[in-house]
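Reading through the structure tokens given below for one structure.
So you know, we letter chains A, B, ... as the sequences are listed, proteins then strands, and number each from 1. Bear in mind the structure is a predicted one, so any value in this text is a computation, not a measurement.
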Number of protein chains: 2
Amino acid sequence: MKTTVSECPIEEAMVLLSGRWPTLLLYYLKNGTKRFGDLQRDNPTISHRMLALELRKLEGAGVVKRTAFAGYPSHVEYTLTAAGQRVLPLIDAIGAWWIDTRASTEA
Amino acid sequence: MKTTVSECPIEEAMVLLSGRWPTLLLYYLKNGTKRFGDLQRDNPTISHRMLALELRKLEGAGVVKRTAFAGYPSHVEYTLTAAGQRVLPLIDAIGAWWIDTRASTEA
DNA sequence: CCGTATCCATGATGATACTG
DNA sequence: CAGTATCATCATGGATACGG
């Protein structure tokens, strides 16, 4: 029955960042503004549909900012918000932890 | 076609910790050893099957340690490894970030 | 008590096509 | 170019039952 509603900030944050794309997209946005098509080229394996969905999710969470420009063909830019920039080092820390863990666990 | 194989430590770590249960389980193990049945009671909404799968995943990643005791009925204990303990503060940081972000994004 | 296999319902995702 | 809707497919996860 889906249970849902976590109320736990950790769970909410992990759900937001879970999956293959969110962290990747944040990283591609790290160095500045990107257009929808740029992100599509940067992530050749994400589908057009999923890219749109993930971006909307991140936008809704206040992690990325979406700016649409009038005109035709249309032109939309995505950029990290302050919150988005603040989370990058935290994700890096997780990555560093894993490198360390993986090394000592030994494969 | 699933694409798969990340090679990126961040992606690997996020995949490991993604979803509803991994972080929750780590937290229930925070204060010491727990038996399978304990974790089941702590997480009434996780299915028997998923609990077993998630624990095996975490065990395989070297984040939790599994200890089986001989005898019948069987008796198994789970505890955090050093790596598991090291990741908790990082997850906390993500949680704190989200509390902050959620507050300023305003709902 | 713990673990796994099976079966089945549901959700997630890619492909495609259409609109502004 | 960016976004959305529709459809088909596949993976995920719950329920259940059985085995050690």
| Can you check side-chain contact (heavy atoms from CB on, under 4.5 Å) on B/Val64 and B/Leu25, steps first, answer last? | CA-CA 10 Å; B/Val64 304; B/Leu25 294 179; over 6 Å; no
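Minimum atom distance to the side chain of A/Ser74 is reached by C/dG20, of the listed D/dG13, C/dT13, C/dG20. For A/Val76, taking side-chain heavy atoms from C-beta onward, the closest of the listed nucleotides D/dA2, C/dA15, C/dG3 is D/dA2. Closest to the side chain of A/His48, out of D/dA2, C/dC2, D/dG14, is D/dA2. The nucleotide whose nearest atom lies closest to any side-chain atom of B/Arg66 is, among D/dC1, D/dG3, C/dG3, C/dG3.
In this structure, A/Tyr78 reaches the D/dG3 phosphate: one of its side-chain N or O atoms is under 4.0 Å from OP1 or OP2. Side-chain nitrogen and oxygen atoms of A/Arg35 include at least one within less than 4.0 Å of the OP1 or OP2 phosphate oxygen of D/dA2.
With rounding to whole Å, A/Ile46 atom CD1 is found 14 Å from D/dA2 atom P. Remark: P of C/dT4 and CD of B/Glu54 are 14 Å apart, rounded to the nearest angstrom. For the pair A/Asn43 CG and D/dA2 C1', the computed distance is 16 Å after rounding to whole Å. Going from atom CZ of A/Arg49 over to atom C1' of C/dC18 covers 15 Å, rounded to whole Å. Between B/Leu53 atom CG and D/dA15 atom P there is a gap of 14 Å when expressed in whole angstrom units.
Using a 4.0 Å cutoff on non-hydrogen atoms, no part of residues 21-33 of chain B comes near DNA chain C.
Ion pairing between B/Arg56 and B/Glu59 fails under the 4.0 Å rule for side-chain N and carboxylate O.
One finds the CD1 atom of B/Ile10 at 7.0 Å from the CD1 atom of A/Ile91 (value rounded to the nearest 0.5 Å).
Both B/Arg56 and A/Pro73 lie near DNA chain C, and the one whose nearest nucleotide falls closer to the 5' end is B/Arg56.
If one axis is set at each end of the helix from C/dC1-D/dG20 to C/dG20-D/dC1 from five pairs, those axes are 40° apart, to 10°.
Scored by the salt bridge (charged side-chain N to carboxylate O under 4.0 Å, His left out) test, A/Arg49 finds no partners at all (sequence neighbours excluded).
Side-chain atoms of B/Trp21 and B/Glu54 include no donor-acceptor pair closer than 3.5 Å.
For B/Ser47 against D/dG13, a side-chain-to-base donor-acceptor contact under 3.5 Å is absent.
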